[in-house]
Amino acid sequence: MKRGIDDLALFGGPAAFPEPLYVGRPSTGDRSRFLERLNRALDDMWLTNGTLVREFEDRVAETAGVRNCVATCNATAALQLLYLAAGLSGEVVMPSMTYVATAHAARMAGLTPVFRDIDPATGCLDPREAEAAVTPRTAGVVGVHLWGRPAPVAELEEIGARHGLRVLFDAAHALGCTYRGRRVGGFGDAEVFSFHATKVVNSFEGGAVVTDDDGLAGHLRSLRTFGSGPGGRIERAGTNAKMTEAAAAMGLTSLEAFGEVVPHNRENHALYRAELRGVDGISIVPFDEAETSNHQYVIARIDEAGAGLHRDLLMRVLKAENVVAQRYFSPACHQVEPYRSERPVELPHTERLAEQVLALPTGPAVDAADVRRICEIVRCATASGRQVTDRERRSADPVPEVSVRR
Ligand code: T4K
C-alpha cells in the first residue's frame, strides 16, 4: 500500500512491482500457430517474397475493409513510399502532435512538412488550421489518428477536394478503429498502419499502406520492390521495403489475437478512468463511445496546477516503482531537429498537450490488479503533489556550500 509519500519508491519505499511494467508489450498470440507458420516458411525455404506476406495483406485488407494492402518492413517506410507514390512535391500540411516518423518520412521523400496546431478538444489536426496553411506549394494534407482517435476525416477530405490536394492518413495507431461507424483504412487517398512490436497487432517490425486506389497500390508495390513491374521488369527507381515471411507469420498470429486483445484493452482503459476519476489534475483521454476503438493507448493528461507535480516528475515516480510510462508524444515534431531550427513555429495547443501527456501501461501483459496498483501510486503522488515536488527538488539540489570562518 502507498499511504503517504514516504512509501513511494522514489523516496526509498519498496517498489510496487518486482519487474518493469511497460507500455507496448507485444501481443504475440498463439505461439504454436506462429511456430507452425515459421516452420512452414523454413520447410519451404521461402523466407521472403512468399505466400505468408500475401496472406497477411489479405487479412489486413479484410480487417480494414479496403481492396488493397501493401505490406512493408515498417510504417515509416510505408509512409515514405506513399508520399512518393502519391506524386507529391513541395509541402505537406500535418499535425506536429504525432510520432516524428510522420514528418521524417515526408522529409526523406523530399517534402517539407508544414506543422499546424491541433484542435485541443481532440488532439488531432484542426482542419481550420490545416486549410489556413494551404499555399500554391502545398501538395497534400496528412491526418493522424492520434492514439486511435480518428482525425477529422470529412473536413480534411473536403479541404483536399477544394484545393486539389492529396489527403493521406497516418493510421499507425488505428487498426480496427472507426470514424462515423466506418473502419479506418479506406479514407483519403490511402492510410498507413504500423505493426511495430508495440502496436496492438505486431509483425516484429512492419507496416502497410491500405487503399481502394488500385493504381496507387500497384505503384506502391513497385516502389517497395526495386521499382519492378509485371514479370519483374524494372520500370522505375525503387527500393527494398518488403516485409519478410517471418514478420508476416507473426503478423498473422498477432492478428488472430486481436479480437481478444481489444476487449481486454477496453477494460483496462475503463478501469484507469474509474480509478482516477476525481483525482485533481489527472484525466484519462476518453474515446468516443459511439465509435469502435482498439484502446491500445491509455493516455493520461497531467495538469501540474491541479496535480501539484509535473508530468515528468510523475513519470519518475512511476519509474521508481517499475512502471515504465512513455511521453507519447513529447516533444512534438516542431520542437525537434531539423524542424525546430529550419521552420520555427508556435503551436500553443500542441505544446500544452505535449507538456502533459503520459502513456500508461496496458495491453495483454497488464491486468486489472496492475492497473489498480498503478492508479494507487498516481493517487498517492498527486494527493501530496506539491510535497513530492519540493522533496524531489531538495534532493536534486547541490549540497549547500558551508561557509568556513577563517
Ligand atoms: N506514425 C505514428 C503515429 C507512429 O506512432 C509510429 C510509430 C509511426 C508512424 C512509425 O511506425 P514504425 O515505422 O515504427 O512501424 C515506439 C515505436 O518504435 C514506434 O513504432 C511507435 N510509433 C512509437 C509511438 O513508439 P519507442 O522508442 O517508444 O519504442 P520502444 O521500442 O522503446 O518500446 C516502447 C516500450 O515497449 C519499451 O519500453 C518496452 C516495450 N517493448 C518494446 C519492444 C520493441 C516491449 O515490451 N517489447 C518490444 O519488443 O517508439
Side-chain angles (χ1 to χ4, degrees), residues 17 19-29 34 56 60 70-83 92 94-109 113 115 118 123-125 142-151 168-175 177 184 190-210 224 241-244 246-248 250-251 254 261 294 296-299 315 318-319 322-333 336 350 353-354 357-366 370:
F17 295 91
E19 299 292 332
L21 206 65
Y22 293 109
V23 170
R25 275 309 216 191
S27 164
T28 50
F34 167 65
F56 181 59
V60 172
V70 182
T72 55
C73 50
N74 58 58
T76 309
L79 282 164
Q80 197 176 333
L81 293 189
L82 176 58
Y83 291 129
V92 274
M94 61 177 67
S96 172
M97 177 44 74
T98 178
Y99 193 51
V100 76
T102 320
H104 279 355
R107 167 100 180 184
M108 297 298 281
F115 300 113
I118 50 168
C124 291
L125 182 60
V142 184
V144 177
H145 305 306
L146 185 68
W147 311 315
R149 288 153 56 104
L168 312 175
F169 289 99
D170 181 331
H173 305 168
L175 185 76
C177 301
V184 161
E191 307 207 47
V192 171
F193 293 125
S194 170
F195 302 111
H196 181 258
T198 54
K199 296 293 185 288
V200 68
V201 168
N202 95 92
S203 62
F204 298 125
E205 289 268 3
V209 183
V210 287
R224 173 191 63 176
K242 287 173 287 163
M243 176 177 272
T244 66
M250 174 50 78
S254 180
V261 171
N294 60 37
Q296 71 175 304
Y297 293 110
V298 172
I299 304 292
M315 192 172 159
L318 289 167
K319 180 82 191 302
N322 259 331
V323 177
V324 187
Q326 299 279 346
R327 286 176 291 205
Y328 292 152
F329 294 102
S330 171
C333 294
V336 300
T350 301
L353 183 59
V357 284
L358 196 60
L360 299 173
T362 188
V366 176
D370 297 330

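What you see below is based on every heavy atom in this structure, not just the backbone, and it leaves out hydrogens, waters and symmetry mates. Ligands are counted one by one from 1 in listed order, and the atoms in each one are counted from 1 as well.
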Give me the residue, atom name and distance of the protein heavy atom closest to [atom].
| atom | result |
| --- | --- |
| atom 13 (O) of ligand 1 | Thr76 OG1, 2.6 Å |
| atom 21 (C) of ligand 1 | Lys199 NZ, 2.9 Å |
| atom 42 (C) of ligand 1 | Thr198 CG2, 3.6 Å |
| atom 49 (O) of ligand 1 | Ala197 CB, 3.6 Å |
| atom 9 (C) of ligand 1 | Asp170 OD2, 3.4 Å |
| atom 46 (O) of ligand 1 | Arg25 NH1, 2.6 Å |
| atom 40 (C) of ligand 1 | Val23 O, 3.4 Å |

Under 3.5 Å, is there a donor-acceptor pair between the side chain of [X] and the main chain of [Y]?
| X | Y | answer |
| --- | --- | --- |
| Glu191 | Ala171 | no |
| Asn294 | His173 | yes |
| Ser27 | Ser254 | no |
| Thr76 | Ala105 | no |
| Arg25 | Pro364 | no |
| Ser203 | Ala248 | no |

For atom 15 (O) of ligand 1, is some protein heavy-atom partner under 4.0 Å away? yes
Considering all protein heavy atoms, does one lie under 4.0 Å from atom 32 (O) of ligand 1? no
For atom 44 (C) of ligand 1, the option (of His196, His173, Met97) bearing the nearest heavy atom: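 Looking at heavy atoms only, His196 sits closest to atom 44 (C) of ligand 1.
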Among Tyr99, Trp147, Phe329, which residue places a heavy atom closest to atom 6 (C) of ligand 1?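 Residue with the shortest heavy-atom distance to the ligand atom: Tyr99.
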If we only count N/O pairs under 3.5 Å, is Tyr328 in contact with ligand 1? yes
Which ligand 1 atoms, with their elements, are less than 4.0 angstrom from a heavy-atom of [X]?
| X | result |
| --- | --- |
| Ala75 | 10 (C), 11 (O), 12 (P), 13 (O), 15 (O) |
| Ser194 | 11 (O), 12 (P), 15 (O) |
| Gly24 | 36 (O), 40 (C), 41 (N), 45 (C), 46 (O) |
| Thr98 | 3 (C) |
| Gly206 | 15 (O) |
| Ala101 | 8 (C), 9 (C), 10 (C) |
| Gln326 | 28 (O), 34 (C), 35 (C), 38 (O) |
| Ala172 | 1 (N), 2 (C), 3 (C), 4 (C), 9 (C) |

Does ligand 1 have any atom that is closer than 4.0 Å to a heavy atom of Phe204? no
For Pro26 and ligand 1, answer yes if some heavy atom of the residue is under 4.0 Å from a ligand atom, otherwise no. yes
Provide the closest heavy-atom pair for [X] versus [Y] in the form atom of the first, atom of the second, distance.
| X | Y | answer |
| --- | --- | --- |
| Cys177 | Gly148 | SG-O, 3.5 Å |
| Thr102 | Leu79 | CA-CD1, 4.0 Å |
| Ala151 | Val144 | CB-O, 3.6 Å |
| Pro20 | Val324 | CB-CG2, 4.1 Å |

Would you please classify the geometry between the Phe204 ring and the Phe34 ring as parallel, tilted or perpendicular, with 30° and 60° separating the classes?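 Correct class here is perpendicular.
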Residues, nucleotides or ligands: over 12 heavy atoms within 6.0 Å of Met315 CE: yes
Counting C-beta onward and ignoring hydrogens, is there a side-chain heavy-atom pair between Leu81 and Val209 closer than 4.5 Å? no
